[in-house]
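What follows is one structure encoded as structure tokens, with my remarks underneath.
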Amino acid sequence: MKEKVLGRTGLRVRPLGFGGIPIQRVSETEALRVVRRCYELGVNYFDTARGYTVSEERIGKALEDVRDKVIIATKSACRTRDEVLQELETSLKNLRTGYIDVYQLHNVASKETWQQVTATGGALEALYKALDEGK
């Protein structure tokens with residue numbers, strides 16, 4: 001599969017990515033098989049979120065040995081610095097990695113939410129801190 005640069009990240013992704021919501025609804029064995037098969041077929045972008053129950057754990061387990069060959073995205077619905085930092089650590093553990101390639105704030109869809117995440121002590125502070133720490 002051809003690759004494209006993902007926005008301004010510099011990350012090279014293939015046109016097909018894997019969304020982690022469905023693997024929370026099947027057995028762990030099936031989830032690991034599906035994630036791994038996607039990787040074998042050339043998928044290199046895997047998206048999940050803290051809110052997708054066991055999805056992070058399953059993606060982490062399936063891809064741990066090929067971590068340097070995939071791009072992992074996850075997200076948090078938290079709005080404060082401290083909450084996001086705590087969730088980030090959980091995601092790193094679940095995904096069995098020391099860094100996350102793309103970390104998103106889930107559903108920042110209103111002016112009020114934007115103001116909350118960008119305020120002093122907001123979630124955006126956590127993201128800059130994590131970036132500075134290489135996470």
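Values in this document were obtained by computation on a predicted structure and should not be read as measured data.
No continuous path of hydrophobic side-chain contacts links Leu105 to Val102 [ILVMFWY only; heavy atoms under 4.5 Å]. The hydrophobic clustering, which links ILVMFWY residues whose side-chain heavy atoms are closer than 4.5 Å, places Val84 and Tyr128 together. A continuous path of ILVMFWY side-chain contacts below 4.5 Å connects Leu92 to Val35, so both sit in one hydrophobic cluster. Criterion: ILVMFWY side-chain heavy atoms under 4.5 Å apart, direct or through other members. Under it, Leu124 and Val108 are part of a common hydrophobic cluster. Note: the hydrophobic cluster containing Val117 also contains Leu88 (ILVMFWY, side chain heavy atoms under 4.5 Å, direct or indirect links).
Not one N or O on the side chain of Thr9 forms a donor-acceptor pair closer than 3.5 Å with the backbone of Val5. Side chain of Thr113 to backbone of Ala109: no donor-acceptor contact under 3.5 angstrom is found. Looking at Gln24, its side chain does come within 3.5 Å of a backbone N or O of Ile21 through a donor-acceptor pair.
A search for salt bridge (Lys or Arg N to Asp or Glu O under 4.0 Å) contacts involving Glu30 returns Arg33, not counting sequence neighbours. Partners of Tyr52 by ring-ring contact (aromatic ring centres under 6.0 Å, His included), not counting sequence neighbours: none found.
One finds the CZ atom of Arg12 at 10.5 Å from the NZ atom of Lys4 (value rounded to the nearest 0.5 Å). Annotation: the span from Leu85 atom CG to Leu127 atom CG amounts to 8.5 Å, rounded to 0.5 Å. Note that SG of Cys78 and NE2 of His106 are 12.0 Å apart. Values are rounded to the nearest 0.5 Å.
More than 12 heavy atoms of other shown residues, nucleotides or ligands fall within 6.0 angstrom of atom CD in Glu40.
Scanning all heavy atoms of the two residues, the minimum distance from Lys75 to Ala49 falls at CG-CB, 3.2 Å. Heavy-atom minimum distance, Glu87 versus Ala77: OE1-N, 4.2 Å. Across every non-hydrogen atom of Gln104 and Ala73, the tightest pair is NE2-CB, 3.7 Å. Across all their heavy atoms, Tyr45 and Asp47 have their closest contact at CE2-CB, 4.0 Å.
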Which donor-acceptor pairs under 3.5 Å do the side chains of residues 54-61 make with protein atoms, sequence neighbours left out?
| unit_1 | atom_1 | unit_2 | atom_2 | d |
| --- | --- | --- | --- | --- |
| Ser55 | OG | Gly20 | O | 2.8 |
| Ser55 | OG | Thr48 | OG1 | 2.8 |
| Glu56 | OE1 | Arg50 | NH1 | 3.1 |
| Glu56 | OE1 | Ser91 | OG | 3.3 |
| Glu56 | OE1 | Asn94 | ND2 | 3.0 |
| Glu56 | OE2 | Thr74 | OG1 | 2.6 |
| Glu56 | OE2 | Ser91 | OG | 2.7 |
| Arg58 | NH1 | Ile23 | O | 2.5 |
| Arg58 | NH1 | Val26 | O | 2.6 |
| Arg58 | NH2 | Val26 | O | 3.4 |
| Lys61 | NZ | Glu28 | OE2 | 2.6 |

Identify every side-chain donor-acceptor pair in residues 63-72 under 3.5 Å, counting partners at least two apart or on other chains, and give the distances.
| unit_1 | atom_1 | unit_2 | atom_2 | d |
| --- | --- | --- | --- | --- |
| Glu64 | OE1 | Arg96 | NH1 | 3.0 |
| Asp65 | OD1 | Arg36 | NH1 | 2.6 |
| Asp65 | OD2 | Arg36 | NH2 | 3.2 |
| Arg67 | NE | Thr97 | OG1 | 2.9 |
| Arg67 | NH1 | Val70 | O | 2.9 |
| Arg67 | NH1 | Asp101 | OD2 | 3.1 |
| Arg67 | NH2 | Tyr99 | O | 3.0 |
| Arg67 | NH2 | Asp101 | OD2 | 2.9 |

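Applying the ring-ring contact (aromatic ring centres under 6.0 Å, His included) definition to pairs two or more places apart or across chains, those involving residues 1-29 are Phe18-Phe46. Residue pairs satisfying the salt bridge (Lys or Arg N to Asp or Glu O under 4.0 Å) criterion with at least one member in residues 121-130, sequence neighbours excluded, are listed as follows: Arg81-Glu125, Lys129-Glu133.
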